[in-house]
Number of protein chains: 2
Amino acid sequence: MNTKDRALQQLKEKGYKKTKQRERIIEIFAAYDQYVPAKKILKEMQEEFPSVSFDTVYRNLYLLSEEKVLEATELEGEKHFRLSCGTNHHHHHFICTDCGKTKLIEFCPMEGLKEDLRGYEVENHKFEIYGKCPQCG
Amino acid sequence: MNTKDRALQQLKEKGYKKTKQRERIIEIFAAYDQYVPAKKILKEMQEEFPSVSFDTVYRNLYLLSEEKVLEATELEGEKHFRLSCGTNHHHHHFICTDCGKTKLIEFCPMEGLKEDLRGYEVENHKFEIYGKCPQCG
DNA sequence: TTATTAAATAAGAATGATTACGATTTAGAT
DNA sequence: ATCTAAATCGTAATCATTCTTATTTAATAA
C-alpha cells in the first residue's frame, strides 16, 4: 500500500471522507522529500483545482498533521509541511536552506537533560539545524 | 554601568543616535527576564509615546538584535525578544509556556553532531524546550 | 548658539500569510 | 435515490509585519 492510500485509509477509519482535494494534497507531498511552505501547496492545488479555497488547503494541512501523515514546522515565519519520515521513532532534521531537502538526525538532545530540568515539566521541544547540504554547499 | 547605558553606549560607538524611544525600549526589556512578543513592546511604548509608530518599534527591535543587545526567537508565529542573557557563551533556553520565564540551558546539541554532518555546511540551529516551570507546573 | 545633515521617527498604506464564515456541494451511509 | 454530516467554495476579515514619504531630531561643526 502506498503512502497516499495508507493516509486515506487512516483518515477513513477516523470518519473523514475521501476527497479529490485531499488525495491531491498527499500526492503533491509524495513528490517532495522536504518541507514545503503552505502557499506552495496552495499554488500547486490551484493548478489542478482552479477554484480551490485557502481554507480547504490549510484545513487539510492541519488535519493531516494531527493525523501524523505530515510533520509541520515553522521556517522564516511560514508554516511548512512534509510527509512524515518513514522512521517511526522520534527524530530531528537538518534542513538545507537552499534546496530545502532534509537529513534525518536520530540524536535527540533531550535525553541528557533530565537532570538539568528537574522540577520543570517538559511539553515539547524544537531542534533543527539549518545550512547547506552537500549538493548545495 | 547598567544594561541600558551599556547598550546605548554600544550603539553610539556604531554611530547610532540616542533617542527617547530607544531608551524606553531597553527599559521595558530590563523589566522582564523573558521573551516578550513585539506587539507587547509596541503596546507598552504606546503608553509612553501615544504616537509611536510600528516602524520605530520593529526597526529598533531588529537593530538591537543585530547589536546583540537582544536575543530573538519566533514563538507561535510571532517574533519575541529578550535582553541577552548575561552569559557570553552560546546557550539555549527552556521557555515556560505559561509565564514565559526562561531557564538557561548551557548544553548545546551541536557538539556531538560533527560526525553525522560531515559534508554538510551548518549555518545555524535552533534548540528550544517548552513546558511549565516549577512555579507554573 | 546656530546651522547643517544624516539618522530616526510618524503616519498610514500595503503586503502576505492565515483564519473565519455563510452558502453550497459532495461523499458515504441508509 | 435520499439523507445528512462533512467538506468545500468564495470571499471577507484579521493580524503581524514591512514599506514609503514627509517631517522631526540628535549630534556635529561653524
Side-chain angles (χ1 to χ4, degrees), chain A residues 4-5 7-28 35-67 69-70 72-81 100, chain B residues 4-5 7-28 35-67 69-70 72-81 100:
Chain A
K4 184 176 82 173
D5 293 335
L8 290 170
Q9 174 62 27
Q10 192 181 331
L11 292 183
K12 185 173 185 178
E13 282 162 15
K14 296 264 190 112
Y16 296 109
K17 295 176 176 172
K18 173 174 163 178
T19 68
K20 307 186 288 303
Q21 291 88 339
R22 272 177 193 159
E23 281 190 86
R24 184 70 189 126
I25 287 176
I26 300 169
E27 280 169 15
I28 292 170
Y35 278 108
V36 182
K39 71 172 176 213
K40 188 167 184 178
I41 300 299
L42 178 61
K43 227 173 254 167
E44 295 208 21
M45 284 294 283
Q46 285 170 333
E47 285 168 19
E48 181 117 3
F49 306 97
S51 66
V52 72
S53 77
F54 315 147
D55 196 54
T56 299
V57 173
Y58 279 93
R59 195 168 15 78
N60 281 308
L61 291 176
Y62 284 102
L63 174 64
L64 291 168
S65 297
E66 273 164 31
E67 295 302 321
V69 172
L70 300 179
T73 193
E74 187 143 356
L75 302 170
E76 294 159 19
E78 272 183 77
K79 308 235 164 75
H80 286 60
F81 300 85
Chain B
K4 185 176 81 172
D5 294 335
L8 290 170
Q9 174 63 27
Q10 191 181 330
L11 292 182
K12 185 174 185 177
E13 282 163 15
K14 296 265 190 110
Y16 298 108
K17 296 176 177 173
K18 173 174 163 178
T19 67
K20 307 185 288 303
Q21 291 88 340
R22 271 176 192 160
E23 282 190 84
R24 183 68 190 129
I25 287 175
I26 300 170
E27 280 169 16
I28 292 171
Y35 278 107
V36 182
K39 71 174 174 211
K40 187 166 185 179
I41 300 298
L42 177 61
K43 228 174 252 168
E44 295 208 21
M45 285 294 284
Q46 286 170 331
E47 287 168 19
E48 181 117 2
F49 306 96
S51 66
V52 72
S53 76
F54 318 146
D55 196 56
T56 298
V57 173
Y58 280 95
R59 192 167 19 76
N60 281 308
L61 291 176
Y62 285 101
L63 173 64
L64 292 169
S65 298
E66 273 164 31
E67 294 302 321
V69 172
L70 300 179
T73 193
E74 186 142 358
L75 301 170
E76 294 159 18
E78 273 183 78
K79 306 235 165 73
H80 286 59
F81 300 85

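Protein chains get the first letters and strands the later ones, always in sequence-line order, with residue 1 at the start of each.
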So, does [X] get its side chain near the phosphate of [N], meaning an N or O under 4.0 Å from OP1 or OP2?
{"X": "B:Arg22", "N": "C:dA8", "result": "yes"}
{"X": "A:Ser53", "N": "D:dG10", "result": "no"}
{"X": "B:Thr56", "N": "C:dA10", "result": "yes"}
{"X": "B:Arg59", "N": "C:dT9", "result": "yes"}
{"X": "A:Tyr62", "N": "C:dT19", "result": "yes"}
{"X": "B:Ser51", "N": "C:dA11", "result": "yes"}
{"X": "A:Gln21", "N": "C:dT26", "result": "no"}
{"X": "A:Tyr58", "N": "C:dT19", "result": "no"}

Choose from [options] the nucleotide whose nearest atom is closest to any side-chain atom of [X].
{"X": "B:Thr19", "options": "C:dT19, C:dA13, C:dA8", "value": "C:dA8"}
{"X": "B:Tyr16", "options": "C:dA8, C:dA20, C:dT18", "value": "C:dA8"}
{"X": "B:Phe54", "options": "D:dA26, C:dT18, C:dA13", "value": "C:dA13"}

> Does A:Leu63 or B:Lys12 map to a spot on DNA chain D nearer the 5' end, using the closest nucleotide for each?
Replying inline: A:Leu63
> Of B:Lys18 and B:His80, whose nearest nucleotide on DNA chain D comes first from the 5' end?
Replying inline: B:His80
> About how many Å separate CG of A:Leu42 and CG of A:Asp55, when rounded to the nearest 0.5 Å?
Replying inline: 11.0 Å
> At what distance, to the nearest 0.5 angstrom, does CG of A:Asn60 lie from CD1 of A:Ile26?
Replying inline: 8.5 Å
Spacing of [X] atom [atom1] relative to [N] atom [atom2], expressed in whole Å:
{"X": "A:Leu8", "N": "D:dA7", "atom1": "CG", "atom2": "P", "result": "12 Å"}
{"X": "B:Lys40", "N": "D:dA16", "atom1": "NZ", "atom2": "P", "result": "14 Å"}
{"X": "A:Glu76", "N": "C:dG16", "atom1": "CD", "atom2": "P", "result": "15 Å"}
{"X": "B:Leu61", "N": "D:dA16", "atom1": "CG", "atom2": "P", "result": "14 Å"}
{"X": "B:Leu75", "N": "D:dT17", "atom1": "CG", "atom2": "P", "result": "11 Å"}
{"X": "B:Glu78", "N": "D:dT18", "atom1": "CD", "atom2": "P", "result": "13 Å"}
{"X": "A:Gln46", "N": "D:dG10", "atom1": "CD", "atom2": "P", "result": "11 Å"}
{"X": "A:Lys20", "N": "D:dA6", "atom1": "NZ", "atom2": "C1'", "result": "14 Å"}

>> Assuming nearest nucleotide by heavy-atom distance, tell me which of A:Lys39 and A:Asp55 is located more 5' along DNA chain C.
In response: A:Lys39
> Quick one: on DNA chain C, does B:Gly15 or B:Val52 contact a more 5' nucleotide (nearest heavy atom)?
Replying inline: B:Gly15
>> With a 3.5 Å cut-off and heavy atoms only, can you find an N or O donor on one side and an acceptor on the other between the side chain of A:Lys17 and the base of D:dA5?
In response: yes
> Under 3.5 Å, is there a donor-acceptor pair between the A:Lys79 and A:Tyr62 side chains?
Replying inline: yes
Determine whether a donor-acceptor pair (N or O, by modelled atom type, separation under 3.5 Å) exists between the side chain of [X] and the backbone of [Y].
{"X": "B:Glu44", "Y": "B:Ile28", "result": "no"}
{"X": "B:Arg22", "Y": "B:Leu64", "result": "no"}
{"X": "A:Gln21", "Y": "A:Val52", "result": "no"}

